[in-house]
2 protein chains.
Amino acid sequence: METILKSAKKTVTIGPEKPIVLIGERINPTGKKRLAAALAKGNLEIVRQEAETQVAAGADVLDINVSIPEVSEVVLLPKAVRLVLETSDVPICIDTTNPAALRAALDVYKKIVPEGKPIINSVNGDEASLKNVLPLAVEYGTAVIILAMDDKGIPPTAEKRLLVVRNIIDRAEALGIPRADLVVDCLALTVGVDSRAALVTLETIRRVREEFGVNLTFGGSNISFGLPERIVINQAFLALAVYSGVNCPIVDVAKVRPFILSIDLLMGRDNYAMRYVRAYRKRMADTSLS
Amino acid sequence: METILKSAKKTVTIGPEKPIVLIGERINPTGKKRLAAALAKGNLEIVRQEAETQVAAGADVLDINVSIPEVSEVVLLPKAVRLVLETSDVPICIDTTNPAALRAALDVYKKIVPEGKPIINSVNGDEASLKNVLPLAVEYGTAVIILAMDDKGIPPTAEKRLLVVRNIIDRAEALGIPRADLVVDCLALTVGVDSRAALVTLETIRRVREEFGVNLTFGGSNISFGLPERIVINQAFLALAVYSGVNCPIVDVAKVRPFILSIDLLMGRDNYAMRYVRAYRKRMADTSLS
């Protein structure tokens, strides 16, 4: 099953046999003080910079999240979307829990790129989320990320996460959203608190792929929360998550792309290591220029 | 099934439910010019240093390979074994293809540590190897690493590697070697040449674990041969190999231990991340001291 995302100039195909698609996570003020402070002043310059640098680093899609307490997302999100579309030519992932901001962003998006197809991040099993988000995905013809959680939080077992996902898929399909447009994030609890956290997520990933055939993303580094050298844990988990079925993770592209390309290579999706070697040479050339 | 290795003071248990056991690879002149040159002069000082630093870095077992063209292994290997036993207190892995050197090393070993139990690296499906190595494992009561290859090389498919492994296990068991003392290395071809190389090895690992129940090692970085930034590929592969069943890889311990500890953590073998955090703190303390 293939999920197609489109910008004005680029089409990105997410599928089990395809190389891993990287969604750039850095346009997001969570844990980023400088970006949060700039956004609070309505300054979007860092958003523009992050769009550029992430695409230069190999991002296939850009996630856009500008949620901060100080400024209305209904105002800020459409502005950020417009700026990213002006700056880069990759498909986007509109990341908000605010339905009015989502609609405003989709409006702007469709005016600028009438033939484009973004992905919404995200819907979950909470009734309010289902009622707010899914109709917008239908109306604007977008793909949508499903979070394996509901108003009671992230279920502790794979079995229960699957139930939540099944319910959301049913609701989406009942509204006419094709399954190929649904991408699931199985989520993770913190492994420092619950030693089975990663195993449960990996099991959920395998079973969601098996039972529903959908594509899978994984966002956030919740798995390593509270621990030192989180990047080591996050990369190790990414390897296992991709091996288990995740094929469009939301990541810090500049940091993890070499690792991700090596996984594509190991999984037989890079004949004669052409892509791996080309990316290495480009990185070396960029380093010697800077 | 648990494989027990013993030195004079330490017992190391390799098992599917146990944390990953790290076999230190650095006492090996392959690709190490300085060590090879020192060994050619009969100088074992680097061997002593590597034994110390690898154990300090967290090696559970030390591989000892001193094969160079200039000096007789029958002379050098027992000396190296003696020196490592004097320097460190972890179990050892005697790594040679020379049966006379293997016997000489085992003789010295048993004199110094009568109650010890080392592991031999390795036997393969070649008739000469089977006839030379397995009787020594019986005579000296050692564990032994089985390579999934024979005189015709590394078979290209999982199916054929399993056949080779089954044959070697049968021969070992017929001589009275308990299966728990057999540890299999499924080997890997080079992914830059054959894009399915890693997938075939991972499939072999899963099936060997499933069909024979034995513990699994993985040595060598053949998988990334000829490619740039091999450590990235090697670590990604290590994550997938361990997830598939490898539980005592032969590695550069100082380089990969943090990554390996994060995999143990993710696989539910490190409650509250105690081991991960303790190792991090020790590394930080060592760094600030040096």
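Note that this is a predicted model, so its numbers are computed, not measured. Note on naming: letters A, B, ... go to the chains in the order of the sequence lines (proteins, then strands), and numbering restarts at 1 for each one.
In B:Lys160, the NZ atom is not crowded: 12 or fewer heavy atoms of neighbouring residues, nucleotides or ligands sit closer than 6.0 Å. Taking a 6.0 Å sphere around CE of B:Met274, one finds it holds 12 or fewer heavy atoms contributed by other residues, nucleotides or ligands. The environment of A:Arg281 atom CZ is sparse: at most 12 non-hydrogen atoms of other residues, nucleotides or ligands sit within 6.0 angstrom. Atom NZ of A:Lys255 has 12 or fewer heavy atoms from other residues, nucleotides or ligands within 6.0 Å. Within a 6.0 Å sphere centred on CZ of B:Phe225, heavy atoms belonging to other residues, nucleotides or ligands number 12 at most.
The part of A:Tyr280 that comes within reach of chain B is its side chain, from C-beta onward, which places non-hydrogen atoms under 4.5 angstrom from that chain. Heavy-atom distances place both the backbone and the side chain of B:Val232 under 4.5 Å from chain A. At a 4.5 Å heavy-atom cutoff, the contact between A:Ile223 and chain B is made by side-chain atoms alone.
Residues B:Ile233 and A:Tyr276 are in side-chain contact: their nearest non-hydrogen atoms beyond the backbone lie under 4.5 Å apart. Residues B:Gln235 and A:Gln235 fail the side-chain proximity criterion, which asks for heavy atoms closer than 4.5 Å. Residues B:Pro228 and A:Val277 are in side-chain contact: their nearest non-hydrogen atoms beyond the backbone lie under 4.5 Å apart.
The distance from the OG atom of B:Ser244 to the OH atom of A:Tyr243 is 4.0 Å, given to the nearest 0.5 Å. Distance OH/B:Tyr272 to CG/A:Asp194: 8.5 Å, rounded to 0.5 Å. Here the straight-line distance linking atom CZ of A:Arg196 with atom CG of B:Asn271 works out to 11.0 Å at 0.5 Å rounding.
Residue with the most contacts toward chain A among B:Pro258, B:Ser224, B:Gly192: B:Gly192 (heavy-atom pairs, distance under 4.5 Å). For chain A, the option among B:Ala239, B:Ala197, B:Ser195 with the highest count of heavy-atom pairs below 4.5 Å is B:Ser195. With respect to chain A, the highest number of heavy-atom pairs below 4.5 Å among B:Gly226, B:Ser262, B:Ala273 belongs to B:Ser262.
Of all heavy-atom pairs between A:Ala236 and B:Ile263, the closest is CB-CG1, 4.0 Å. For the pair A:Val191 and B:Leu266, the tightest heavy-atom approach, listed with the atom from each and the gap, is CG2-CA, 4.3 Å.
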Derivation and outcome, side-chain contact (heavy atoms from CB on, under 4.5 Å), residues A:Arg283 and B:Glu229: CA-CA 12 Å; A:Arg283 226 160 45 242; B:Glu229 293 191 308; 2.2 Å; yes
